[in-house]
Amino acid sequence: MGLFLQNVILLDCDEKTAKAALKKAEQISDSSMLELVPEECQFQQFPKGVSILLNDHCCGYDALAQLLSETTMKPVMLLYIYDDDFWGYCFYDKGEVLDVFTPLPDYFETASEKDRRESSGNSGIIASYFDIEEDSIKNYLVSWEDLIMEDDFEARAYADDECGQCDCWQMVDFMRKLGFPYEWDN
């Protein structure tokens, strides 16, 4: 079994508020947030908000992002690595889904054109919320299916990236561009 990892970014939020929201999520969570243990999560404050590395075995994805966004009334992005195969995110504000990205929409089953569109990511929305240039992140939000067909696994989205386009750890390059570098001691 590969790596399953989830990191939550709460924009315009402090650590105290983030911890309270996570504790509330634990109390009202159902089976869609399996094994959320706030005491085992790691928190890191940044100028734009808080980053939370969720505990092992927590399985929340978009349900957890939505709940945290509803609880805090803030923008929340949950980034994940799924089974060491790919990374993605879901982004909410005040409990409403704003954007979703997965580079492999057909991973579980053949995706409809609507599902592909809805999970293709929107660099404009993300750039606006994170107050960054859209050009600094748009190359991350591409389908890996095309890259795999072209055997372009190792190409970098940007020259200063550490990871290639078809590497699940490309997520850390993306996070760095958002202003939330992945700097956890694991």
**Student:** Test question: given the 4.5 Å side-chain rule for I, L, V, M, F, W and Y, name all other residues clustered with Val97, or answer none.
**Tutor:**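 Val97 clusters with Tyr92, Val100.
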
**Student:** Has Asp160 got more than 12 heavy atoms of other residues, nucleotides or ligands less than 6.0 Å from its CG?
**Tutor:**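 Yes, because the 6.0 Å sphere around CG of Asp160 holds more than 12 heavy atoms from other groups.
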
**Student:** Can you run down the salt bridge (charged side-chain N to carboxylate O under 4.0 Å, His left out) pairs that involve residues 37-55, sequence neighbours left out, and say none if there aren't any?
**Tutor:**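 Output for this query lists Lys23-Glu39.
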
**Student:** Does the side chain of Glu134 pick up a donor-acceptor pair with the side chain of Ser123 at under 3.5 Å?
**Tutor:**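 Yes, side-chain donor-acceptor contact under 3.5 Å.
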
**Student:** Which residues pass the side chain to side chain donor-acceptor pair (under 3.5 Å) test with Asp173, sequence neighbours left out?
**Tutor:**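 Side chain to side chain donor-acceptor pair (under 3.5 Å) list for Asp173, sorted by chain: Arg176.
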
**Student:** Can you name the salt bridge (charged side-chain N to carboxylate O under 4.0 Å, His left out) partners of Glu162, sequence neighbours left out?
**Tutor:**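 Partners of Glu162 under the salt bridge (charged side-chain N to carboxylate O under 4.0 Å, His left out) test: none.
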
**Student:** Partners of Ser112 by side chain to side chain donor-acceptor pair (under 3.5 Å), sequence neighbours excluded?
**Tutor:**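 Result, side chain to side chain donor-acceptor pair (under 3.5 Å) vs Ser112: Asp115.
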
**Student:** Tell me whether Lys177 forms a cation-pi arrangement with Tyr158, defined as NZ or CZ under 6.0 Å from the six-membered ring centre and within 45 degrees of its axis.
**Tutor:**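 Geometry flag: set, cation within 6.0 Å and 45°.
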
**Student:** For Glu109, give me all partners under side chain to side chain contact (heavy atoms under 4.5 Å, CB included), at least two apart in sequence or on another chain.
**Tutor:**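 With neighbours one apart ignored, the set is empty.
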
**Student:** Filter on salt bridge (charged side-chain N to carboxylate O under 4.0 Å, His left out), then keep only pairs touching residues 117-127, sequence neighbours left out; what's left?
**Tutor:**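 Sorted pair list: Lys114-Glu118.
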
**Student:** Report the distance from atom CH2 of Trp169 to atom CH2 of Trp87, rounding to the nearest 0.5 Å.
**Tutor:**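 One gets 13.0 Å once the value is rounded to the nearest 0.5 Å.
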
**Student:** Mind checking what makes ring pair (Phe, Tyr, Trp, His ring centres under 6.0 Å) contact with Phe43, not counting sequence neighbours?
**Tutor:**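 Scan of Phe43 (ring pair (Phe, Tyr, Trp, His ring centres under 6.0 Å), adjacent residues dropped) gives none.
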
**Student:** Output all residues satisfying side chain to side chain contact (heavy atoms under 4.5 Å, CB included) with Ser128, sequence neighbours left out; order by chain, then residue number.
**Tutor:**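 Partners of Ser128 by the side chain to side chain contact (heavy atoms under 4.5 Å, CB included) criterion come out as none, since no residue qualifies.
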
**Student:** What do you reckon, is CD of Gln45 surrounded by more than 12 foreign heavy atoms closer than 6.0 Å?
**Tutor:**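 Enclosed: over 12 neighbouring heavy atoms sit under 6.0 Å from CD of Gln45.
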
**Student:** Inspect the contact between Arg156 and Asp167 and indicate whether a charged nitrogen and a carboxylate oxygen are less than 4.0 angstrom apart.
**Tutor:**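 Salt bridge between Asp167 and Arg156, a charged N being under 4.0 Å from a carboxylate O: no.
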
**Student:** So, Asp83 side chain and Gly2 main chain: donor-acceptor pair closer than 3.5 Å or not?
**Tutor:**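 Judged by distance alone, yes, a pair lies under 3.5 Å.
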
**Student:** Per the side-chain contact (heavy atoms from CB on, under 4.5 Å) rule, which among Leu54, Leu68, Leu10 passes with Leu78?
**Tutor:**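 The side-chain contact (heavy atoms from CB on, under 4.5 Å) with Leu78 is passed solely by Leu54 among Leu54, Leu68, Leu10.
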
**Student:** Using side chain to side chain contact (heavy atoms under 4.5 Å, CB included) as the criterion, list what pairs up with Pro103, not counting sequence neighbours.
**Tutor:**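 Side chain to side chain contact (heavy atoms under 4.5 Å, CB included) check on Pro103 returns Phe86, Phe101, Trp144.
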
**Student:** Can you sort out the partners of Phe46 under ring pair (Phe, Tyr, Trp, His ring centres under 6.0 Å), two or more places apart, ordered by chain and number?
**Tutor:**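 Partners of Phe46 by the ring pair (Phe, Tyr, Trp, His ring centres under 6.0 Å) criterion, ordered by chain and then number, come out as Phe180.
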
**Student:** Which pairs pass salt bridge (charged side-chain N to carboxylate O under 4.0 Å, His left out) with one or both residues in residues 54-76, sequence neighbours excluded?
**Tutor:**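 Not a single pair qualifies under salt bridge (charged side-chain N to carboxylate O under 4.0 Å, His left out).
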
**Student:** With ring pair (Phe, Tyr, Trp, His ring centres under 6.0 Å) as the criterion, how do Tyr80 and Tyr89 come out once you've worked through the C-alpha distance, each side chain's angles and the decisive distance to 0.1 Å?
**Tutor:** CA-CA 6 Å; Tyr80 60 87; Tyr89 68 76; 8.6 Å; no

